[in-house]
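Throughout, a chain's letter reflects where its sequence line sits, starting with A, and its residues are numbered from 1.
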There are 2 protein chains.
Amino acid sequence: MRYVTSYPRPVSSPTSRPTGLTERRKAATQLDIARAAAELFAERGPDATTAEEIARRAGVALRTFYRYFRSKQDAVGPLLAGGGDRWRALLAEAGAATDGPALDLGAVLADAVRESLTPADATAGEALEVTRGMLRAAHEDAALRAVWYRVNQESEERLVPVLAGLAGDGADPLDVRLAAAAATDAIRIAVETWAASDAPAEGPGSPADLAEDTLRQLTGGLRLLGA
Amino acid sequence: MRYVTSYPRPVSSPTSRPTGLTERRKAATQLDIARAAAELFAERGPDATTAEEIARRAGVALRTFYRYFRSKQDAVGPLLAGGGDRWRALLAEAGAATDGPALDLGAVLADAVRESLTPADATAGEALEVTRGMLRAAHEDAALRAVWYRVNQESEERLVPVLAGLAGDGADPLDVRLAAAAATDAIRIAVETWAASDAPAEGPGSPADLAEDTLRQLTGGLRLLGA
DNA sequence: TGCACTGATGGCAATCTGTGCCATCTGGGC
DNA sequence: GCCCAGATGGCACAGATTGCCATCAGTGCA
């Protein structure tokens, strides 16, 4: 464990479409591992699951597992981070569409949040339910909570450059940072609140519904949004 | 690692004063280990430090080390969490002093933040510098970052009941939650920003100075504070 | 003060984690 | 069809964690 020479790729941040067969296989393998880990974690909890078992269920060697993920807990990262990735992609799109400093950043944020938290299809709905399951399991398991913390922090960090792009060059880096933190927290708290309830993924009490309120409250005083 | 039967005590949350000799010794031991870990982490980084070495420098057996901390990185937790603990204590005091629903929650928060981030003595100043060192080391070490995430999240969770007490019974739990998140983020970002700079612990660019701004921006839109 | 009890610590063994290294296999380009 | 770069598997090993048991030191009580 002494010196780290090379790390596995980040658990998310889809910057390019998989093109060749090899690329697609690798993406599939990562997802296989992530699903295997999520299943086992949900069944017995992360502590009672070994990396070896995850690898076996995913159909890869232990060594390969560690080429994809730096740790056992990391393996569920892609599932938990998926929503955030989609959200950031939406934001970046919105920025590209309305290219110009004249866009209403607050409105763009709110739209992207609503859209990314409203399940577009069955797959998206399942993803939310998986998240709910992991968060409930996390209530009992510190290691799993740690993964959730990490995913959210990384989501916040990756949001910074996106927001900086939307806000333009004149923006104070600290203000951008605050906006990223506020928006990330708004989503996090909305999702956590929903996960703790029995509300469905759509309608009153849904993540999208709750986030509308949390986002407004947390971003209401931000200089970056013109407060 | 299979089944976890009992965990070490939380790394912080001083709810009672150490009374007997045993209690005081345990507190001292925990601090000895934390300091030893911080020294070694700062010297060579967490990856190049073994738990064995931390234990040896702290003068305890490896087995004892793991009775105090769940992992190697966790060992620095008490040092990182100290500031938050002090801050929450200040808040609770303020609430007890001004007992009544008539207090200006925003002002109380701001006062407590300023006071807890302004080093009262040499020890407090050193604590901030240690934090800076750890945050810089965390830049290179994912596990150390995870500790920082955890410390902040736990600080936020512990803040919730304190704020609920200050806000009174009528407060919406979600609003309280948002206030806790906003305040915690304000402090976190202020400290992180300071740690990344070369600013001294007092004056312009100090944590207290930065936090004044971050707190105002993040709490400016909160319903709990009357926005 | 002296005894019994409870909890803290050390030491040891065993399991699991995470990484370096090398052999083999496979898609992709020429 | 041949060659190369990258992906995977297998193996060994240092280090991380934890269960278990023996010992020792405060604490409470007679």
Handout entry: Nearest heavy-atom neighbours spanning A/Leu224 and A/Ala171
Key = CD1-CB, 3.8 Å
Handout entry: Distance in angstrom units between A/Arg44 CZ and C/dC16 P, rounded
Key = 12 Å
Practice task
Please determine if a side-chain N or O atom of A/Thr64 lies less than 4.0 Å away from the OP1 or OP2 oxygen of D/dG9.
Solution key: yes
Handout entry: Distance-only donor-acceptor test, B/Arg63 side-chain atoms vs D/dG19 base atoms, 3.5 Å
Key = yes
Practice task
For the side chain of A/Ser71, starting at C-beta, report the closest nucleotide among C/dG11, C/dG18, D/dA25.
Solution key: C/dG18
Exercise for the section: Would you mind checking if B/Arg188 and A/Glu156 are paired as a salt bridge, meaning a charged N to carboxylate O distance below 4.0 Å? Expected result: yes
Handout entry: Length of the CG-C1' vector between B/Asp47 and C/dG20, whole Å
Key = 15 Å
Exercise for the section: Identify which one of A/Val76, A/Asp74, A/Val60 satisfies the side chain to side chain contact (heavy atoms under 4.5 Å, CB included) criterion when paired with A/Ile33. Expected result: A/Val60
Fill in the blank from the handout: Closest to the side chain of B/Thr29, out of C/dT26, C/dG10, C/dT9, is C/dT9
Handout entry: Minimum-distance pair of heavy atoms, taken over all atoms of B/Gly84 and B/Ser155
Key = CA-OG, 4.3 Å
Handout entry: Rounded distance in Å - CZ (A/Arg56) to C1' (D/dG10)
Key = 15 Å
Handout entry: Under 4.0 angstrom between B/Lys72 side-chain N/O and D/dG15 OP1 or OP2
Key = no
Practice task
Could you tell me, to 10°, how much the axis swings from one end of the helix from C/dT1-D/dA30 to C/dC30-D/dG1 to the other, five pairs per end?
Solution key: 30°
Fill in the blank from the handout: note: B/Phe69, atom CZ; D/dG15, atom P; distance rounded to Å ~ 22 Å
Problem - Whole angstrom value for the distance that separates P of C/dG18 from OH of A/Tyr68 - result: 18 Å
Practice task
For B/Val160 and B/Ala180, work out which heavy atoms get closest and say how close.
Solution key: CG2-CB, 3.8 Å
Exercise for the section: Mind checking B/Leu62 for me? I need base, sugar-phosphate or nothing, with any heavy atom below 4.0 Å counting as a touch. Expected result: base
Problem - Atom pair distance, as rounded to whole Å: CD1 in B/Ile33 and P in D/dT17 - result: 14 Å
Fill in the blank from the handout: Rounded to the nearest 0.5 angstrom, the CG-CG distance for A/Leu178 and A/Leu163 is 11.0 Å
Practice task
Mind calculating the distance between CZ (B/Arg24) and C1' (C/dA8) to the nearest angstrom?
Solution key: 16 Å
Exercise for the section: Using atom CZ of B/Phe65 as one end and atom P of C/dG10 as the other, report the distance to the nearest whole Å. Expected result: 13 Å
Handout entry: Donor/acceptor link under 3.5 angstrom from A/Arg67 side chain onto base of D/dG6
Key = no
Handout entry: Donor + acceptor pair across side chains of B/Trp148, B/Glu192 (<3.5 Å)
Key = yes
Exercise for the section: Decide, yes or no, whether a salt bridge links B/Asp141 with B/Arg44 under the criterion of side-chain N to carboxylate O below 4.0 Å. Expected result: no
Practice task
Establish, with yes or no, whether the OP1 or OP2 oxygen of D/dT18 is under 4.0 angstrom from a side-chain nitrogen or oxygen of B/Tyr66.
Solution key: no
Problem - Closest-nucleotide ordering on DNA chain D, the 5'-leading residue of B/Arg25 and B/Gln73 - result: B/Gln73
Practice task
Give a yes/no on whether any side-chain N or O of B/Thr22 is located under 4.0 angstrom from OP1 or OP2 of C/dG7.
Solution key: no
